[in-house]
Protein chains: 2
Amino acid sequence: MALTGAMTASPPSTRDKIMRAALECVAEDGFSAATTAAIAKRAGVAEGTLYRHFDSKDALFVAVYSRIKEHVFDSVMAETDASGSVEDRFRQLWRGVWNAYRADPAAFVYGQRFGEYPLSRQDSRPIHDGFVRHISALIRDGQSGGEIREASASVLRAFFFPPMVSMLKQAIAGHEWSQAELDSAIDTAWDSWRRPR
Amino acid sequence: MALTGAMTASPPSTRDKIMRAALECVAEDGFSAATTAAIAKRAGVAEGTLYRHFDSKDALFVAVYSRIKEHVFDSVMAETDASGSVEDRFRQLWRGVWNAYRADPAAFVYGQRFGEYPLSRQDSRPIHDGFVRHISALIRDGQSGGEIREASASVLRAFFFPPMVSMLKQAIAGHEWSQAELDSAIDTAWDSWRRPR
DNA sequence: GTCTATACAGGGATAGAC
DNA sequence: GTCTATCCCTGTATAGAC
């Protein structure tokens, strides 16, 4: 039940059930299949009930997206400390985000789909937006200390999340990444940031 | 008029106009807004005409996707030669794909959206599928020659297209990449593949 | 081959009882 | 707050004239 009401042991509220149902419908068959009827059925409530909790179907989708972003950010930050070397912080962040998404693949897929859905103009901040400041700080520290190459932060950022996201997609499609592959992915990512000699 | 009827100087056929209209509708406002009415209007034909050329709306979408893949692949391969060092081939391929997508941003966006659309199960080969063999050959050559690190090919591949795709998305969203940034992106990509010392 | 007109289904949203 | 029943619109697809 990760990402919706996960923190509380109490039974999920109707609102939570609706949000989780919407998330799963979209993750399984895309936005076009996520009709109000399908969502209500999966949540175990009547169709009309959706509109007691959300102004519209679109508002529901946006709310789900926001909650996913918050949850992933919080859960990564909870197990990340800002101490240690730049390289350690880099590796820790990489693993943290990876684990957060692996813990709830449906939420990950929802986020991906939402990003290509026109509705995303209403919450246009990308899924990893919360991490941008964090990553930028890492880059700044690493560049002033000489560990990280002198490329623009936007270029370096393109080598952090995108390869990971691509690997997550493959994992969800059934590809089993070995521990050695994961380690080497992190090594490869770090070597892309590292100052070359 | 790239990607649909671009090679011929003759006026586009009705079929081509429909395909291009579908491509642009999806690129601009997503699949949910790409109704048969919208597509027909943009193509300048009647709605019923769509069904003279395609069995269904979905068949149209799949046909457009296939054509994009073909076109990008062909146009990259046309200006790429397999000679030169592994590093040269790497850089050439990176630039070739980048340029192909920059030449038709709408086609690029269509490809991205299609990948998150459930219909993609009907043509589930990813957008860059044609390049996988090419890239795998590059990796094999580079690993046997010692230029490329000994990571699994699937890990290395995650550092080729995904960062580029991320940068293309930003470019389409209005971000202007300087020549220096592009060069350093390619350097960074290559350093992620390169054998570290 | 293309158009106009239309049949038919399905989806979002609301009304009103409980 | 939740359910049932229903309205209305939009979207896909077809029929048939030209």
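In the text below, chain A, chain B and the rest are named by the order of the sequence lines, each starting its count at 1. What's counted below: heavy atoms across the whole structure, side chains too, no hydrogens, waters or symmetry copies. All values reported here derive from a predicted model rather than from experimental measurement.
One interatomic measurement links the two molecules: CG of B:L50 to P of D:dT14, which rounds to 12 Å at whole-angstrom precision. Rounded to a whole Å, the CZ atom of A:R15 is 16 Å from the C1' atom of D:dT2. Atom-to-atom, NE2 of A:H53 to C1' of C:dG12 comes out at 17 Å; the value is rounded to the nearest Å. Residue A:E47 contributes atom CD, which lies 8 Å from atom C1' of C:dG12 at whole-angstrom precision.
The phosphate of C:dG12 has OP1 or OP2 within less than 4.0 Å of a side-chain N or O from A:T36.
Comparing C:dT4, D:dT2, D:dT14 by their nearest atom to the side chain of B:Y51 picks out D:dT14. Considering only the side chain of B:V45, C:dC3 comes nearest among C:dC3, D:dT12, C:dG16. Of all nucleotides listed (D:dC3, D:dA13, C:dT2), D:dC3 comes nearest to the side chain of A:A46. Of the listed nucleotides (C:dG12, C:dT4, D:dG11), C:dG12 has the atom at the smallest distance from the side chain of A:T35. The nucleotide whose nearest atom lies closest to any side-chain atom of B:K57 is, among C:dG12, C:dA13, D:dT12, D:dT12. Of the listed nucleotides (C:dA13, D:dT12, C:dC3), C:dC3 has the atom at the smallest distance from the side chain of B:T49. Looking at the side chain of B:T14, the nearest of the listed nucleotides C:dT2, D:dT12, D:dT2 is C:dT2.
Within a 6.0 Å sphere centred on CD of B:E150, heavy atoms belonging to other residues, nucleotides or ligands number more than 12.
Ring pair B:F114/B:F31 is tilted by interplanar angle, where 30° to 60° counts as tilted.
Place B:S56 and B:R52 on DNA chain D by their nearest nucleotides, and B:S56 ends up nearer the 5' end.
A donor-acceptor pair is defined here as one N or O able to donate and one able to accept, closer than 3.5 Å; such a pair exists between the side chain of B:Y110 and the backbone of B:F61.
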Let me see the working for A:V86 and A:W190 under side chain to side chain contact (heavy atoms under 4.5 Å, CB included), right down to the final yes or no.
-> CA-CA 10 Å; A:V86 167; A:W190 173 248; 4.0 Å; yes

